[in-house]
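Working notes for the structure below.
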Amino acid sequence: MEVTGAFLRIGHKFRPGSAIVPTSITVHNTGNPRSTAANERAWLDNPRNLSSGNFASWHYVLDETSIIQAIPDFELAYHAEAGNTTSIGIEVCESGNQHVVWRRAVLFVVSLLRRHGFDAERVRTHRDWTGKDCPRLILPEWTRFMRDLRLELGEHPAFTNVRIEMSGETREFQGIMVAGRSFVPTRPLLEQLGYTVNWDENTASVKIARDAVRTSLMPELWARGN
Ligand SMILES: [Zn+2]
């Protein structure tokens with residue numbers, strides 16, 4: 001993906017020039033539904049921001065058409081407080097087609113991970129560092145973001161057969177291995193146990209019913225196999 005270098009000069013208020021050894025990548029949203037990558041870059045040179053007492057910068061900003069770098073990967077930027085000395089900050093714009101922006105953000109984070117020899121475990125949110133609600137648009141779907149990222153990175157979960165003994169009978173289910181744990185999907189497991197499992201589109205939830213027992217689970221919920 002093409003990155004436009006529009007570096008701040010060393011000594012610029014927002015580029016102190018301090019060397020860092022990056023060990024993670026931090027994802028942000030800009031917090032502004034209208035600003036583009038170019039607007040965000042202009043913000044760093046806005047005299048009002050230069051004279052304020054606030055320090056805010058980033059390594060990269062990405063929108064639906066462009067990616068701009070303002071600070072080299074191995075230098076400090078002001079984006080994540082305690083994370084500043086070890087993390088590369090990417091601002092994801094809230095303007096434009098967010099499906100496109102999402103996809104570009106996934107691909108760009110993957111390209112950065114590859115460049116630095118990192119796996120997906122190195123990805124952070126701004127919230128991880130400070131508790132701030134950032135990246136505010138991506139956080140509610142952070143699991144999906146990381147899943148997309150891992151798929152792109154080639155970290156597919158390994159399919160595995162999971163054997164579960166139920167009332168003395170051993171059944172085998174196709175599940176997946178994630179970080180040393182096996183998971184099986186709820187439907188075949190619960191159907192074996194005599195439940196009916198249905199997907200309710202209106203509420204985007206899985207409905208499980210058996211006699212008087214009725215409950216509702218989020219679709220992401222998987223039963224632990226072992
Ligand atoms: Zn942030």
#### Entry: Single-linkage hydrophobic cluster Ile67~Phe7, side-chain heavy atoms < 4.5 angstrom
no
### Task
For side chain to side chain contact (heavy atoms under 4.5 Å, CB included), just list the numbers for Ile71 and Trp58, CA-CA rounded to whole Å, side-chain angles, deciding distance to a tenth of an Å, and then say yes or no.
CA-CA 7 Å; Ile71 295 177; Trp58 33 262; over 6 Å; no
### Query
Are the side chain of Asp45 and the backbone N or O of Ala42 linked by a donor-acceptor pair below 3.5 Å?
no
### Task
Give a yes or no on whether the backbone of Cys93 and the side-chain of Gln98 come within a donor-acceptor separation of less than 3.5 Å.
yes
### Query
Do Asn84 and Trp129 have side-chain N/O donor and acceptor atoms under 3.5 Å apart?
no
#### Entry: Derivation of the side chain to side chain contact (heavy atoms under 4.5 Å, CB included) call for Val109 and Ile90
CA-CA 8 Å; Val109 172; Ile90 301 173; 3.8 Å; yes
### Message
Once side-chain contact (heavy atoms from CB on, under 4.5 Å) is applied, do any residues pair with Ser66, and if so which ones, sequence neighbours excluded?
### Response
Ala37, Asp63
### Task
Show your reasoning for whether side chain to side chain contact (heavy atoms under 4.5 Å, CB included) applies to Val21 and Thr86.
CA-CA 6 Å; Val21 178; Thr86 54; over 6 Å; no
### Task
Name all residues meeting the side-chain contact (heavy atoms from CB on, under 4.5 Å) criterion together with Arg34; count only those two or more places apart in sequence or in a different chain, and write none if there are none.
Asn32
### Task
Could you list the residues that satisfy salt bridge (charged side-chain N to carboxylate O under 4.0 Å, His left out) with Asp200, not counting sequence neighbours?
Lys207
### Task
Would you check if Arg41 and Leu8 make a side-chain contact, meaning some heavy-atom pair closer than 4.5 Å?
yes
### Task
Ignoring hydrogens and angles, state whether a donor on the side chain of His79 or His126 is under 3.5 Å from an acceptor on the partner side chain.
no
### Task
Ignoring hydrogens and angles, state whether a donor on the side chain of Thr130 or Glu81 is under 3.5 Å from an acceptor on the partner side chain.
no
### Query
Does Arg9 offer a backbone N or O that forms a donor-acceptor pair with the side chain of Arg15 under 3.5 Å?
no
### Query
Going by distance alone, is a donor N or O of one side chain under 3.5 Å from an acceptor N or O of the other, for Ser35 and Ser95?
no
### Query
Does Arg104 have any salt bridge (charged side-chain N to carboxylate O under 4.0 Å, His left out) partners at least two apart in sequence or in another chain, and if so, which?
none
### Query
Between Ala70 and Leu44, which heavy-atom pair has the shortest distance, and what is it?
CB-CD1, 3.8 Å
### Query
Side chains of Trp142 and Arg127: does their closest heavy-atom pair fall under 4.5 Å?
no
### Message
For a quick check under 3.5 Å, do His59 and Asp73 share a side-chain donor-acceptor pair by atom type?
### Response
no
### Message
Which residues pass the side-chain contact (heavy atoms from CB on, under 4.5 Å) test with Arg171, not counting sequence neighbours?
### Response
Met166, Glu169, Phe173, Gln192
### Query
Do Tyr78 and Asn54 have a side chain donor and acceptor closer than 3.5 Å?
no
### Query
Can Glu121 and Arg150 be said to form a side chain to side chain contact (heavy atoms under 4.5 Å, CB included), step by step?
CA-CA 10 Å; Glu121 298 299 316; Arg150 285 178 197 279; 3.1 Å; yes
#### Entry: same_hphob_cluster(Phe145, Leu62) at 4.5 Å side-chain heavy-atom cutoff
yes
### Message
What I want to find out is whether Arg103 reaches Glu152 closely enough, with some N-O distance under 4.0 Å, to be called a salt bridge.
### Response
yes
### Task
State which residues pass side-chain contact (heavy atoms from CB on, under 4.5 Å) with Asn29; sequence neighbours excluded, sorted by chain then number.
Val92, Glu94, Pro135, Arg136, Leu137, Ile138
